[in-house]
Amino acid sequence: MRYSESFIYTLKEEQKEASIVSHDLLLRGGFISKLASGIYNYLPLGLRVIRKVSNIVREEMNRAGAQEILMANIQPAQLWIESKRWNDYGSELLRIKDRGERDFVFGPTHEEVVTDIVRRFIKSYRDLPINLYQIQTKFRDEIRPRFGLMRAREFIMKDAYSFDADQDGLDISYNKMREAYYNIFSRCGLKVRSVQADSGSIGGRDSEEFMVLSSTGEDEIVTCDSCRFSANMEKAESITMDDAGSEMDLKKVATPGKQTIKDVCEYLNSDDKFSAKALLYKNEKDEFFCFLVEGDDELNETKAARVTGSVELIKLNDEEIRASGLHKGYIGPVNFPNKNIKIICDERLRNRNSLVVGANEEGYHYVGAKLHRDFEPDLMADIRSVKENEICPECRKGVLKKTRGIEVGHIFKLGSKYSESMHALFLDRNGKPKPFLMGCYGIGIGRTMQAAVEQNNDKNGIIWPISIAPFEVELISLDTRSEEIKRYCDNLYTTMLKRDMDVLYDDRDERAGVKFNDADLIGIPIRIIVGKKNFVNNQVELSLRQNNSRQLVNKDDIVENVKELINELYSEIDKGDKI
RNA sequence: CGGGGUGUAGCGCAGCUUGGCUAGCGCACUUGAAUGGGGUUCAAGUGGUCGGAGGUUCAAAUCCUCUCACCCCGACCA
C-alpha cells in the first residue's frame with residue numbers, strides 16, 4: 001500500500017474520549033473511529049489487524065478440527081423462547097421487530113442458532129463429535145460501554161460450539177480448545193493466563209477465562225502465590241474460617257443512630273467480623289433475598305446470583321426496604337419480620353458463636369446472636385468475595401494475590417443446558433435418544449487487538465507484534481524529490497510486493513519528522529529508511545520499532561535482510577512464554 | 001438506572017457568569033514560497049443553521065423549558 005494513496009489519517013492530539021492508552025492509540029493511529037457509544041468503524045489499518053488476528057484464530061481452530069460456518073445474526077425470538085433466554089438474558093439483548101411485528105434479536109451469541117442447526121442434521125452418535133465455529137459481529141447492549149473495543153456493544157467475536165455424545169468426549173473437545181487458545185494467543189504475541197471463571201448467563205459448569213494481565217483490565221483476578229490456582233474474583237471460592245468466638249446469650253441493645261457496621265461495632269466495642277450485615281436484593285423474577293455476610297466482608301453478587309438462581313440482582317431501594325417492613329441500618333435475621341424474603345447466609349458465619357445483627361427495630365441491634373439457636377437461614381452458601389492475602393482454597397498453603405486482567409477468551413462446558421431445552425437429541429449406541437453435550441468457546445477479536453496494544457506500546461505509539469501488525473514492513477522514502485531515490489524506492493516496493501511481502505510504502509512528500517512520527521504511532525515492526533545521507537554510500541537503514549535498533553545495509557541486499565528480520569521476529573513470538 | 005459533566009469548523013478548545021456589530025484560537029485541510037533525517041517556517045485562504053426544538057427579548061452561542069447525543073463516576077458495608 002502506498003501511503004500517499006491510502007486512507008490513513010493520524011491525529012496529533014490525544015483523544016478526549018479515550019481513558020486508556022490503547023484506546024487513544026487506536027483512535028489516533030487511524031485504526032478505528034467511533035460511530036456511536038460502544039459502536040466502532042474499522043478503518044483500513046484496523047481492519048488489517050482484525051484480519052490478521054482472525055486468520056490466526058481460523059488456522060488454529062481448523063487445526064483443532066473445528067469447521068467454520070457463518071450464522072445469521074438476526075435471530076427469531078422463537079429460538080430464544082425455546083431456550084428460556086428470551087426472558088433470562090435481560091436488557092443486554094437487543095430486540096427488534098420486523099414489519100409484521102414479529103420479534104427478533106440481533107444475536108449477542110449463537111448457542112440457540114447452532115443448536116438448531118445441529119439438531120436438524122445430526123441424528124446419530126456416529127456423527128459426533130463435531131465442532132462448528134464462526135467469526136461474526138455480535139451486539140450486546142452493555143450497561144456502560146467503555147475503553148473503545150474493550151467493552152464495545154457491537155464487537156467481532158469468534159465463537160465455537162462443540163457437540164459430544166458423552167462427558168469424556170466433551171472433556172476431550174474442551175481440552176483441544178484450551179490447547180488451541182494457548183496457541184492462538186501466543187501466536188498473537190500476547191501473554192495470557194487462564195483463570196477459573198463464572199459462566200454467567202451462558203450457563204454451564206466448568207469454565208476458564210483467558211486473561212491478558214494488565215492494570216487497566218476490567219476483571220479482578222486472584223492468583224495463589226504458591227500453587228497454580230488462579231480465578232476470577234466472581235468465582236474465587238472462599239474457605240471457611242474456624243474463628244468461633246465465645247458464646248453468649250442473645251440480648252437486645254440500643255444503638256441509636258448507628259446504622260453502618262463500622263459505627264455499630266465501634267459503639268458496641270466489638271470486632272467487625274463478629275457482626276453480620278444484611279443486604280437486601282430482588283431478582284428479575286421479583287423474588288426478594290436477604291444476604292447475610294460477615295461485617296467486614298463484601299457480598300459477591302455473582303456468587304449470590306448463582307446460588308439463588310437469579311440472572312440479575314438489584315439492591316432494594318429505601319422505599320422497598322420500608323415497604324418490606326424493615327428498617328434500614330437495623331436489619332437482621334433474628335425475628336425476621338418478612339416471610340417472603342429468603343435469608344441466604346454466608347458459610348463463614350457458620351461457626352460463629354456470637355454475632356452482632358440488626359434487631360429489625362429502629363435504633364436496636366442484637367448481640368450474641370447464634371446461627372440455628374437464634375435464627376435459621378433458608379440457605380447457607382459461599383456468597384462473599386475473597387480478599388487479598390487470604391488462604392488459597394486450592395492448596396491451603398499459599399495466600400491469594402489480586403491482579404487485573406483483560407478477558408480475551410472464555411471456554412465453557414455447557415453440558416446439556418441448550419440441547420435439553422431445545423430438544424436437540426441424537427441416538428446413542430443403544431438407540432436411545434440423548435441430548436448433545438455441548439461446549440462453547442469464545443474469543444473477542446477486537447478485544448484481543450486492543451489488548452495487544454495495551455500490552456505493547458511506548459510514549460510514541462503502538463509496537464505491534466509482527467504477527468498481527470497491519471503491515472510487517474514500512475518503507476520510508478525520505479527524499480521523494482530525488483529521482484534516483486524515488487526510482488530505487490518504487491522499485492524496491494514492487495519487488496517486495498512481488499515477493500509477497502506485507503509492506504506499507506510511505507511515499508508522501510512530507511518532512512522526515514512527520515513520517516517518523518506517523519511510523520512510530522502506527523507501530524509497524526520493521527522499517528526501511530531510504531534517505532540521501534546513506535544512499536550516497538549505497539546504503540539504506542533498517543530499524544526495528546520494538547527497540548529502535550538501527551543497522552545500515554547495502555541497498556541491493558535489503559530484501560534478503562528484511563526477510564531474515566521477519567523470520568527472526570516471528571520466531572521470537574513462537575518462543576513467547578506459555579503460562 | 002442513580003449522580004456529575006460536556007455538546008461552538010474534521011480534531012482539541014475559548015467565548016456563556018453580566019445577551020449587543022461580521023463568533024474566535026491551535027492543529028488539520030487548500031494555495032504559494034522557503035526548508036528537507038524526528039510533528040520546520042512565512043504568507044494568503046477554505047470551512048461553523050454555536051447538538052436539536054420551543055420560549056423570553058428590539059436583539060440569544062450566551063437566559064428559560066423540553067429533548068437528543070456523548071463522556072466520567074457509581075450501581076460494594078442498608
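So you know, we letter chains A, B, ... as the sequences are listed, proteins then strands, and number each from 1. Note that the structure is predicted; figures quoted are calculated from it, not measured.
The distance from atom CG of A:Leu280 to atom P of B:A78 is 12 Å, rounded to the nearest whole Å. Between A:Ile528 atom CD1 and B:G37 atom P the separation is 20 Å, expressed in whole Å. A:Asp506 has its CG atom 15 Å from the P atom of B:G37, to the nearest Å. Here B:A78 presents its P atom at 15 Å from CG of A:Leu292, a figure rounded to the nearest Å.
If you check every strand for non-hydrogen atoms under 4.0 Å, A:Leu326 touches nothing. Within 4.0 Å (heavy atoms only), A:Leu11 reaches no atom of the nucleic acid at all. Residue contacts for A:Asp509: at a heavy-atom cut-off of 4.0 Å it reaches a base atom on one of the strands shown. Note on A:Arg550: a base of the nucleic acid sits closer than 4.0 angstrom, heavy atoms only. Using a 4.0 Å heavy-atom cutoff across all strands shown, A:Gln15 reaches sugar-phosphate atoms only and no base atom. Within the 4.0 angstrom heavy-atom criterion, no nucleotide atom of any strand lies near A:Gly358. Base engagement by A:Asp518 is indicated by at least one non-hydrogen atom pair under 4.0 Å involving a base atom. Using a 4.0 Å heavy-atom criterion, one finds that A:Leu299 contacts no nucleic acid atom at all. Note on A:Asn534: a base of the nucleic acid sits closer than 4.0 angstrom, heavy atoms only. Among the heavy atoms of the strands lying under 4.0 Å from A:Gly531 is at least one base atom, whether or not backbone atoms are also near.
In this structure, of B:A78, B:C71, B:U35, it is B:C71 that holds the atom nearest to the side chain of A:Lys34. Considering only the side chain of A:Ile331, B:A78 comes nearest among B:C70, B:A78, B:G39. The listed nucleotides are B:C72, B:A78, B:G38; the one nearest the side chain of A:Leu316 is B:A78. Closest to the A:Ile529 side chain, of the nucleotides B:G38, B:G37, B:A78, is B:G37. Side chain of A:Ala512, nearest nucleotide from B:G37, B:A78, B:U40: B:G37. In the set B:A75, B:G39, B:G37, B:A75 carries the atom at the smallest distance from any side-chain atom of A:Ile143. Closest contact between the side chain of A:Arg511 and the listed nucleotides B:G36, B:C72, B:G38 involves B:G36.
Between A:His23 and A:Tyr40, the ring-plane angle classifies as perpendicular under the 30° and 60° cut-offs.
As rounded to the nearest Å, B:U8 and B:G47 have C1' atoms that lie 14 Å from one another. B:G37 and B:C25 have their C1' atoms separated by 32 Å, with the value rounded to a whole Å. Going from the P atom of B:G51 to that of B:A61 covers 10 Å, rounded to whole Å. Here the separation of B:A9 from B:U49, taken at their P atoms, is 9 Å to the nearest Å.
Across all strands shown, nothing is found opposite B:A61 as a Watson-Crick or G-U wobble partner with both distances under 3.5 Å. Nucleotide B:C1 forms a Watson-Crick or G-U wobble pair with B:G74, both donor-acceptor distances falling under 3.5 Å. Searching all strands for a Watson-Crick or G-U wobble partner of B:C13 with both distances below 3.5 Å returns B:G24. Across every strand in view, B:U30 sits in a pair with B:A44 that passes the Watson-Crick or G-U test at under 3.5 angstrom. Under the Watson-Crick or G-U wobble criterion, with both distances below 3.5 Å, B:G36 has no partner in any strand shown. The nucleotide B:U18 finds no pairing partner, because no Watson-Crick or G-U wobble arrangement with both distances shorter than 3.5 Å includes it. Nucleotide B:U6 is matched to B:A69 when pairs are restricted to Watson-Crick or G-U wobble geometry with both distances under 3.5 angstrom.
The two residues A:Gly38 and A:Pro145 have their closest heavy-atom pair at CA-CB, 3.7 Å. Annotation for A:Lys402 and A:Glu388: closest pair N-OE2, 3.1 Å, computed over non-hydrogen atoms.
A:Val105 pairs in a side-chain contact (heavy atoms from CB on, under 4.5 Å) with only one of the listed residues (A:Ile96, A:Leu94, A:Leu93), which is A:Leu93.
In this structure, a donor-acceptor pair under 3.5 Å is absent between the side chains of A:Glu287 and A:Thr308. Between the side chains of A:Asn41 and A:Ser33, at least one donor N or O lies within less than 3.5 Å of an accepting N or O.
Residue-to-nucleotide contacts include no donor-acceptor pair under 3.5 Å from the side chain of A:Asn460 to the base of B:G39. Counting distance only, with no hydrogens placed and no angle test, the side-chain atoms of A:Arg481 and the base atoms of B:G36 include a donor-acceptor pair under 3.5 Å. Taking only distance into account, the side chain of A:Arg28 never meets the base of B:G12 through a donor-acceptor pair shorter than 3.5 Å.
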Are any protein N/O atoms closer than 3.5 Å to N/O atoms in nucleotides 2-8 of chain B? If there are, list each pair with its distance.
none

So which protein nitrogen or oxygen atoms get under 3.5 Å of nucleotides 26-32 of chain B's nitrogens or oxygens?
residue, atom, partner, partner atom, Å
B:G26, N2, A:Glu13, OE1, 3.2
B:C27, O3', A:Lys12, NZ, 3.2
B:A28, OP1, A:Lys12, NZ, 3.2

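For the pair A:Arg48 and A:Phe471, the distance from NZ or CZ to the six-membered ring centre is under 6.0 Å and the angle to the ring normal is within 45 degrees.
At B:A69, none of the side-chain N or O atoms of A:Ser37 fall inside 4.0 Å of OP1 or OP2 (strictly under the cut-off).
At a threshold of 4.5 Å between non-hydrogen side-chain atoms, the residues A:Tyr3 and A:Glu510 do not count as touching.
Using a cutoff of 4.0 Å between basic side-chain nitrogens and carboxylate oxygens, A:Asp490 and A:Arg2 are scored as salt-bridged.
Map A:Tyr281 and A:Asp520 each onto its nearest nucleotide of RNA chain B; the residue landing nearer the 5' end is A:Asp520. Between A:Gly295 and A:Ala18, the residue anchored nearer the 5' end of RNA chain B, judged by the nucleotide with its closest heavy atom, is A:Ala18.
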